[in-house]
Amino acid sequence: MGKMVSAGGDASGTVRTAGEVGATAGAGAKSSIKRQSAALSTASYLLLTAGLAVMVFPFIWMIATSLKTPQEMYSLSLIPQLPAWDNYKALFTGSPFGTWIINSFIVAVIATASVCLFDTMIGYILAKFHFHGKKTIYLFILSTLMVPTEMLIIPWFLYSSKLGWVDTYWGILFPGLITAFGIFLMRQFMESVPSDLLDAARIDGMSEWGIMFKIALPLVRSAIATLCILTFLGSWNSFIWPLIVTQTEGRFTIPVGMAFFSSEAKDSSNWIQIMAGATVSVLPLLIVFVVFQKQIIRGIATTGLK
């Protein structure tokens, strides 16, 4: 009997030893996985930091150059010895840069408001109304996305010349008041709005305008925010069409004005003012991104899901 107990005790001890070995091996495997995960995360952050440095450095150099004196223009030093804030004063007093900013702001705001309103309405109609030829109209709108902008410039200019819109705000604005991309984006989002909810509002006697503005639009806020932000940025940076349709400095937008300014650059002082102008022109875009950062990320992420 004593041997049996002893044997049982030995067996029990053997079982406990195997369990401990298994636990030790499992802990080692988990520790190894954690170390690999930490190393991977560190490498990812280092790679992203390097990419960020490559992207941000030109902007830092631009700002630093805008604060240099003509004697420091071609210096490799990043930080100017004494910041020359008068460069920004000379930018606004020596050129119609303030007028260019106002022109860009007017064009961007009006285009954004128009695209937000009309593209949303058209997207809502194409998504929630049933009528003959709806698919044909939608396919025709999408087909315009395949036409390069360069091919449309000549018809746009001939049309503007015939109606007397050359060198006017309306001439700059009319090609971008309604966009095929915005219609496509809003139509896709409006498809996700429950039709039963809209039908219930109709049964309760709500008008179609009320249904769209009070029920449908609040459900697609992220898409509207994304569309507005992208339209504002695109209008602010638009160059080719404003360059062709404007003829006087008083109607230039910032990209056209900066190109004109660059063509007139003859010495280092002009290039310093160009850097100052580029810095000022980027500030509104940075403000828009900082203020609406959450909406941009949420809208882009949701757009991908839709």
Please confirm whether the backbone N or O of [Y] pairs with a side-chain atom of [X], one donor and one acceptor, at under 3.5 Å?
X      : Y      : value
Ser66  : Ile63  : yes
Thr226 : Ser222 : yes
Arg187 : Phe184 : no

Are Cys116 and Ile224 close enough, and set up right, to give a side chain to side chain contact (heavy atoms under 4.5 Å, CB included), and what steps lead you there?
CA-CA 7 Å; Cys116 179; Ile224 296 175; 3.5 Å; yes
Can you confirm whether [X] sits close enough to [Y] that some side-chain heavy atom of one is under 4.5 Å from a side-chain heavy atom of the other?
X      : Y      : result
Phe92  : Val280 : yes
Met212 : Trp209 : yes
Leu198 : Tyr124 : yes
Leu142 : Phe181 : no
Asn103 : Tyr169 : yes
Val115 : Leu177 : no
Thr231 : Leu227 : yes

Taking only residues at least two apart or on different chains, which pairs with a member in residues 140-150 satisfy side chain to side chain donor-acceptor pair (under 3.5 Å)?
none
Tell me whether the rings of Phe97 and Trp100 are parallel (<30°), tilted (30 to 60°) or perpendicular (>60°).
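Answer is perpendicular, since the angle exceeds 60°.
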Report, one line per pair, each donor and acceptor closer than 3.5 Å where one atom sits in a side chain of residues 245-254; sequence neighbours left out.
| residue | atom | partner | partner atom | Å |
| --- | --- | --- | --- | --- |
| Thr246 | OG1 | Pro242 | O | 2.4 |
| Thr248 | OG1 | Asp167 | OD1 | 3.4 |
| Thr248 | OG1 | Asp167 | OD2 | 2.9 |

Would you find more than 12 non-hydrogen atoms of other residues, nucleotides or ligands less than 6.0 Å from [X] atom [atom1]?
X      : atom1 : value
Leu285 : CG    : yes
Lys89  : NZ    : no
Glu191 : CD    : yes
Leu139 : CG    : yes
Ile79  : CD1   : no

Taking [Y] as the starting point, is it possible to reach [X] by hopping between hydrophobic residues whose side chains are less than 4.5 Å apart?
X      : Y      : value
Phe129 : Phe118 : yes
Trp85  : Trp271 : yes
Ile102 : Ile287 : yes
Leu286 : Leu67  : no
Tyr88  : Met62  : no

Side chain to side chain contact (heavy atoms under 4.5 Å, CB included), that's the test. Do Leu217 and Met190 meet it? Break it down for me.
CA-CA 9 Å; Leu217 296 190; Met190 288 297 181; 3.6 Å; yes
Trp236 and Phe105: CA distance, side-chain angles, deciding distance, ring pair (Phe, Tyr, Trp, His ring centres under 6.0 Å) verdict
CA-CA 7 Å; Trp236 186 270; Phe105 186 78; 7.2 Å; no
Worked verdict on Phe260 versus Val256 for side chain to side chain contact (heavy atoms under 4.5 Å, CB included):
CA-CA 6 Å; Phe260 176 79; Val256 179; 5.6 Å; no
Would you mind checking if Arg202 and Asp199 are paired as a salt bridge, meaning a charged N to carboxylate O distance below 4.0 Å?
yes
Starting from the C-alpha separation in whole Å, work towards a yes-or-no answer on side chain to side chain contact (heavy atoms under 4.5 Å, CB included) for Trp156 and Trp165.
CA-CA 10 Å; Trp156 287 348; Trp165 291 349; over 6 Å; no
